Amino acid sequence: MGQKVNPIAFRLAVSKDWRSKWFATGKDYTTKLHEDLSIRNYLKKRLQSAALAKVVIERAWNSVRVTLHTSRPGLIIGRQGRDIEIMTRDLNALCNGAQVKIDILEIRKPELDAQLVAENVAVQLERRISFRRAMKRAIQTAMDFGAEGIRLRCAGRLGGADIARSEWYREGKVPLQTLRVPLDYGFAEARTLYGVIGVKCWVNKKEEENRPSQGRGERGERGDRGPREPRGDRGPRGDRGDRRPRNNG
């Protein structure tokens, strides 16, 4: 069987960054790890309809900074900031009294965020929309917003079939093994009446401009090498010596 690796972890320290930024050793590491898991589970349940794409947790001494990447910041903040105050108080309890600060970053183009695209398709599947129609619509929308390529894959009892299977569609360029390509990955689950359907999404965004040239940059172009030095004179080939003449017969 093929060995699977998470596309985000595969690109760490190359084109992706960690989603938990802190350092600890021993039992302190175990405690903070479970706190992170509790924070993520709490936010996932509370902000199901807020289009939450990513949660980044940073720690410094006795303070915790939680950054929420979302396309609907108004739903998270609430009226006069009441919802965010409630979340801050609940996160303080989960972090054993540590000072928690919540930052919100708005996603300008949710149609190009792989996590939000996967969740959008999963919501449509739960509403009994045809999986082919939902996938093709999401792909077309992403390409219209300027994506270089997109790939969607659904697996499970598609359409209520008795036997589970997987189907995927792709448009554009999605090079999964080229680490310098700014590839985004998202996963969501659609809990339908006939079982759970998994949705995976890969989005190839446009490469950053003014990227440093690679390859022959240090060696320079061929024209900068200057004229070639002439090779030494080989001289006449000379006689064949005492070699036998060829037999052309």
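Note that the structure is a prediction, hence the values are computed from the model and not measured.
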Greater than 12 external heavy atoms within 6.0 Å of Arg65's CZ: no
Side-chain donor/acceptor of Asn204 to backbone N/O of Lys173, under 3.5 Å: yes
Side chains of Arg180 and Ser15 in contact at under 4.5 Å (non-hydrogen atoms): no
Main-chain N/O of Ile129 paired with Arg133 side-chain donor or acceptor, under 3.5 Å: no
For the student: nearest non-hydrogen atoms of Thr178 and Arg11, plus distance: O-NH2, 4.4 Å
Quick one: side chains of residues 114-125, donor-acceptor pairs under 3.5 Å with protein atoms, not counting sequence neighbours, listed by atom name and distance.
from	atom 1	to	atom 2	distance (Å)
Gln115	OE1	Phe187	N	3.1
Gln115	NE2	Glu119	OE2	3.0
Gln115	NE2	Phe187	O	3.0

Pairwise distance CD(Gln140) to CD1(Ile150) - rounded to 0.5 angstrom: 10.5 Å
Residues that Glu171 engages under side-chain hydrogen bond (donor to acceptor under 3.5 Å, both in side chains), provided they are two or more places apart: none
Leu47 side chain near Ile76 side chain, heavy-atom distance below 4.5 Å: yes
Short side-chain to backbone donor-acceptor contact, Thr70 and Ala50, under 3.5 Å: yes
Crowding at OH, Tyr194 (>12 non-hydrogen neighbours, <6.0 Å): yes
Contacts of Asp36 that satisfy salt bridge (Lys or Arg N to Asp or Glu O under 4.0 Å) - sequence neighbours left out: Arg59
Short side-chain to backbone donor-acceptor contact, Asn62 and Gln99, under 3.5 Å: no
Short side-chain to backbone donor-acceptor contact, Asp28 and Ala24, under 3.5 Å: no
Value rounded to 0.5 Å, distance of OG1 in Thr67 from CG in Leu105: 6.0 Å
Backbone N/O of Glu126 and side chain of Thr192: donor-acceptor pair under 3.5 Å: no
Asp17 bridged to Lys21 by N-O distance under 4.0 Å: yes
Spacing of Ile139 atom CD1 and Leu152 atom CG [to the nearest 0.5 Å]: 5.0 Å
Arg165: partners by salt bridge (Lys or Arg N to Asp or Glu O under 4.0 Å), with sequence neighbours left out: Glu167
Of all pairs that satisfy ring-ring contact (aromatic ring centres under 6.0 Å, His included), the ones with a partner from residues 21-51, not counting sequence neighbours: Trp22-Tyr29
Smallest separation among heavy atoms of Tyr169 and Met135, with atom names: CD1-CE, 3.3 Å
Lys54: partners by side-chain hydrogen bond (donor to acceptor under 3.5 Å, both in side chains), with sequence neighbours left out: none
